[in-house]
There are 2 protein chains.
Amino acid sequence: MDIDRTDFAILRLLMKNAWLSNKEIAAAVGLAPSSCHERIKSLRARGILKSAHAEVNLEAIGFALAAVLFVQLGKLEDHVVDEFLRSTAAVPEVRGVSLVSGRFDLIVHVAVRDMEHLKEIISKHFNRHAVVTRVETSVVFNHETQHAMPLSDSDAFA
Amino acid sequence: MDIDRTDFAILRLLMKNAWLSNKEIAAAVGLAPSSCHERIKSLRARGILKSAHAEVNLEAIGFALAAVLFVQLGKLEDHVVDEFLRSTAAVPEVRGVSLVSGRFDLIVHVAVRDMEHLKEIISKHFNRHAVVTRVETSVVFNHETQHAMPLSDSDAFA
DNA sequence: CTGTCAAACGAATAGATTTCGTTCGTATGA
DNA sequence: TCATACGAACGAAATCTATTCGTTTGACAG
């Protein structure tokens with residue numbers, strides 16, 4: 001399950017742009033298309049390269065407001081917490097959920113149309129569950145996701 | 001800049017799996033490949049469909065620990081804050097940064113190898129900048145990202 | 001030196017994308 | 001009501017790509 005610098009270069013390219021053709025990737029990493037294809041197949045088979053997802057401009061389709069919810073949960077049984085986690089991740093407006101240690105238990109990122117919509121999500125989903133003891137809400141002014149490998153080029157590799 | 005239910009279906013499919021072929025998408029939404037191709041080109045041209053990114057299993061390549069940093073900033077000038085934002089997003093281990101209202105100013109998700117690595121990131125990047133007044137750290141036990149449209153199927157559309 | 005193994009190569013085939021001329025259906029205005 | 005204009009979908013042709021597979025290369029161990 002080790003990765004050499006060629007694999008790494010392929011992953012870096014695909015994280016930046018999953019719509020690159022095999023031919024383009026091959027040229028960029030200095031391999032024949034067939035060899036590059038084998039590499040990518042192997043990365044997928046080994047579970048290193050998992051999937052690809054299109055990024056949609058949510059603001060352009062009416063989801064103009066983003067928020068982060070800091071949720072505290074009561075000391076309930078595991079399966080109750082797990083169930084709430086699953087149901088939270090299934091809320092369409094929820095973009096991501098993290099179960100964390102510390103002051104809060106859940107960090108939830110949401111995309112909504114407006115304040116009214118935000119209020120509705122919080123009251124209908126979070127404040128309605130017994131497991132939730134408190135929700136703090138922050139408006140997101142600016143968000144940036146990094147679609148790159150968590151290693152700089154200069155870091156040694158294989 | 002409006003979206004009908006066919007566009008919506010295309011976006012939903014591509015968010016779930018950006019590696020679907022045009023032919024497959026066409027079949028799924030009930031269009032000829034050429035028509036579907038026109039739709040996708042239009043969505044890209046209108047800025048609704050932005051890009052696609054491969055998802056890499058970071059745990060499989062040694063980044064076994066995820067954390068969220070809650071950062072408070074001092075009341076400094078805008079350009080200082082902006083500069084810090086940009087430099088934070090450029091840290092390889094940083095997966096996402098949100099500038100938010102409320103108790104904290106920055107919510108930063110990071111992927112690191114281990115606790116040692118986490119400590120290094122915090123002390124080398126965050127605690128070294130004058131603009132940072134405080135950092136609280138939470139370990140991420142579990143994270144789920146939703147790669148779906150923020151609307152349920154039942155919601156009315158065009 | 002020699003045998004083995006994994007990776008890369010290149011050519012051939014199968015399959016997909018992309019373009020374009022045409023058709024269909026609808027909405028608009030005479 | 002009829003004619004026209006417009007946008008969307010279609011189907012076929014051409015181009016380009018993915019994918020497979022037999023062969024070659026290079027590294028390493030015996």
Side-chain angles (χ1 to χ4, degrees), chain A residues 1-62 147 149 151 153 155-158, chain B residues 1-62 147 149 151 153 155-158:
Chain A
M1 180 76 77
D2 59 333
I3 297 288
D4 65 13
R5 68 182 59 211
T6 303
D7 286 331
F8 186 80
I10 291 171
L11 294 175
R12 185 153 42 101
L13 288 166
L14 284 175
M15 277 189 87
K16 210 178 297 175
N17 181 8
W19 283 331
L20 286 171
S21 69
N22 177 57
K23 197 189 174 189
E24 289 170 311
I25 298 165
V29 302
L31 280 181
S34 56
S35 310
C36 185
H37 184 245
E38 288 300 323
R39 289 263 191 174
I40 292 172
K41 268 208 302 188
S42 165
L43 286 168
R44 303 242 268 151
R46 286 184 281 167
I48 295 167
L49 188 49
K50 295 205 291 190
S51 57
H53 306 279
E55 190 185 337
V56 171
N57 185 353
L58 294 179
E59 294 180 20
I61 61 170
H147 298 291
M149 285 277 130
L151 273 179
D153 294 338
D155 289 332
F157 222 99
Chain B
M1 182 72 81
D2 58 334
I3 297 288
D4 65 14
R5 69 182 58 212
T6 303
D7 286 332
F8 187 81
I10 291 170
L11 293 176
R12 186 153 40 101
L13 288 166
L14 283 175
M15 274 190 88
K16 209 178 296 173
N17 181 7
W19 283 331
L20 286 173
S21 69
N22 178 57
K23 197 189 174 190
E24 289 169 312
I25 297 165
V29 303
L31 281 179
S34 55
S35 310
C36 185
H37 184 245
E38 289 299 325
R39 290 264 191 174
I40 292 172
K41 270 207 303 189
S42 164
L43 287 168
R44 303 243 268 152
R46 285 185 281 165
I48 295 167
L49 187 49
K50 294 206 292 190
S51 56
H53 306 278
E55 191 185 336
V56 170
N57 186 352
L58 294 179
E59 294 179 20
I61 59 170
H147 297 292
M149 285 276 131
L151 274 179
D153 293 339
D155 290 332
F157 223 98

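Throughout, a chain's letter reflects where its sequence line sits, starting with A, and its residues are numbered from 1. No experiment lies behind these values; they were computed from the predicted model shown.
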Within the side chain of A:Trp19, is there an N or O that forms a donor-acceptor pair under 3.5 Å with the backbone of B:Ala18? yes
Tabulated below should be each protein N or O lying under 3.5 Å from an N or O of nucleotides 20-25 of chain C; please produce it.
none

With a cut-off of less than 4.0 Å, is there a side-chain N or O of B:Ser35 near OP1 or OP2 of D:dC10? yes
Nearest-angstrom distance from the residue atom CZ of A:Arg44 to P of D:dT19: 9 Å
Distance-only donor-acceptor check, side chains A:Ser35 and A:Glu38, under 3.5 Å: no
Output the rounded distance in Å from CG (B:Asp2) to P (D:dG7). 13 Å
With side chain to side chain contact (heavy atoms under 4.5 Å, CB included) as the criterion, how do A:Ile3 and A:Leu43 come out once you've worked through the C-alpha distance, each side chain's angles and the decisive distance to 0.1 Å? CA-CA 9 Å; A:Ile3 297 288; A:Leu43 286 168; 3.8 Å; yes
If you check the A:Ala32 side chain, which of D:dA9, C:dC9, C:dT19 turns out closest? C:dC9
Close N or O pairs between protein and nucleotides 16-18 of chain D (under 3.5 Å):
from   : atom 1 : to      : atom 2 : distance (Å)
D:dT17 : OP2    : A:Lys23 : NZ     : 2.6
D:dA18 : OP1    : A:Asn22 : N      : 2.7
D:dA18 : OP2    : A:Lys23 : N      : 3.1

Quick one, B:Leu14 and A:Glu55 - any side-chain contact, counting heavy atoms below 4.5 Å? no
Pairs where residues 30-54 of chain B contributes a residue and the test ring pair (Phe, Tyr, Trp, His ring centres under 6.0 Å) is met, not counting sequence neighbours: A:His147-B:His53
Check the phosphate of C:dT17 against B:Lys41, side-chain N and O only, distance under 4.0 Å to OP1 or OP2. Yes or no? no
B:Ile10 CD1 to D:dA8 P, straight-line distance once rounded to whole Å: 12 Å
Are the side chain of B:Arg46 and the backbone N or O of B:Asp2 linked by a donor-acceptor pair below 3.5 Å? yes
Whole-Å distance between D:dA8 P and B:Arg39 CZ? 7 Å
For A:Arg39, run the side chain to side chain contact (heavy atoms under 4.5 Å, CB included) check against A:Leu49, A:Asn22, A:Ile10 and tell me which one passes. A:Ile10
Please test B:Ile61 against A:Met149 for side chain to side chain contact (heavy atoms under 4.5 Å, CB included), starting from the C-alpha separation and ending with a verdict. CA-CA 10 Å; B:Ile61 59 170; A:Met149 285 277 130; 4.2 Å; yes
In whole angstrom, what separates B:Trp19's CH2 from C:dA16's P? 18 Å
Salt-bridge test for B:Asp7 and B:Arg12: reply yes if a basic N is under 4.0 Å from a carboxylate O, no otherwise. no
